[in-house]
Visitor: 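Got a structure here, written out as structure tokens. Questions coming.
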Amino acid sequence: MNTMRSPKNKYQGVINFDQPVEEIGSVVRFTSNDINDLKSLCEAQAKKYACRITILENKATYPQFNWVEVEKYNFNKK
């Protein structure tokens, strides 16, 4: 099983909060091998805040990295 922050995972989600969040900061990253799971995780973590979510895919094979942006969108607090 892969962890949420493993460099071996194929996808990376970056949450950029519009305002820094106490005890978190301005940016948080998660990884997953499933893009839909990653998007759900990012949105669940960001649900109380306005932010931008960027999804990246590693087009290289670990331990090489070639992160390519797959999707970027604004996420508004609910």
Visitor: Which residues pass the side chain to side chain donor-acceptor pair (under 3.5 Å) test with Q45, not counting sequence neighbours?
Guide: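 Side chain to side chain donor-acceptor pair (under 3.5 Å) list for Q45, sorted by chain: empty.
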Visitor: If only atom types and distance count, is the side chain of T31 paired as donor or acceptor with the main-chain N or O of S6 below 3.5 Å?
Guide: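 Side chain of T31 to backbone of S6: a pair is present.
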Visitor: Between OG1 of T54 and CH2 of W67, what distance do you get to the nearest 0.5 Å?
Guide: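 So the OG1 of T54 and the CH2 of W67 are separated by 12.5 Å.
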Visitor: Looking at A60, is its backbone amide N or carbonyl O close enough to the side chain of N58 to form a donor-acceptor pair, meaning the two atoms are under 3.5 Å apart?
Guide: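 The answer is yes, because a donor-acceptor pair under 3.5 Å joins these two groups.
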Visitor: Under the rule for side chain to side chain donor-acceptor pair (under 3.5 Å), what residues qualify as partners of Y62, not counting sequence neighbours?
Guide: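 Counting only residues at least two positions away or on another chain, Y62 forms no side chain to side chain donor-acceptor pair (under 3.5 Å).
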Visitor: How close do I15 and C51 get, counting heavy atoms only, and between which atoms?
Guide: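 Smallest interatomic distance, heavy atoms only, reads CG2-SG, 3.7 Å.
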Visitor: To the nearest 0.5 Å, how far apart are CD in Q19 and OG in S26?
Guide: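 OG of S26 is found 8.5 Å from CD of Q19.
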Visitor: Quick check: is V21 connected to V27 through a chain of hydrophobic side chains (ILVMFWY, heavy atoms under 4.5 Å apart)?
Guide: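 Not linked; separate clusters.
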Visitor: V14 and V70: same hydrophobic cluster, using ILVMFWY side-chain contacts below 4.5 Å?
Guide: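 Looking at the clustering, V70 is in a separate group from V14.
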Visitor: For a 4.5 angstrom cut-off between non-hydrogen side-chain atoms, does K39 reach F75?
Guide: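 A side-chain contact is absent here, since even the closest heavy-atom pair is not under 4.5 Å.
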Visitor: Is there side-chain contact between L38 and F30, with heavy atoms separated by less than 4.5 Å?
Guide: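 Contact flag for L38/F30 side chains = yes.
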Visitor: Please indicate whether E69 has more than 12 foreign heavy atoms, meaning atoms of other residues, nucleotides or ligands, lying under 6.0 Å from its CD.
Guide: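 Enclosed.
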Visitor: Can a salt bridge be assigned to the pair K10 and D34 using a cut-off of 4.0 Å between side-chain N and carboxylate O?
Guide: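 Salt bridge absent between K10 and D34.
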Visitor: If I compare all heavy atoms of N33 with all of K8, which pair ends up nearest, and what's the gap?
Guide: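 Minimum heavy-atom separation between N33 and K8: OD1-O, 4.1 Å.
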Visitor: Do F17 and Y73 belong together in a cluster built from hydrophobic side chains that touch within less than 4.5 Å?
Guide: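 Yes, F17 and Y73 fall within the same hydrophobic cluster.
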Visitor: Treat each ILVMFWY residue as a node, draw an edge where side-chain heavy atoms are under 4.5 Å apart, and state whether V28 and I55 are in one component.
Guide: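 Yes, V28 connects to I55 through the hydrophobic network.
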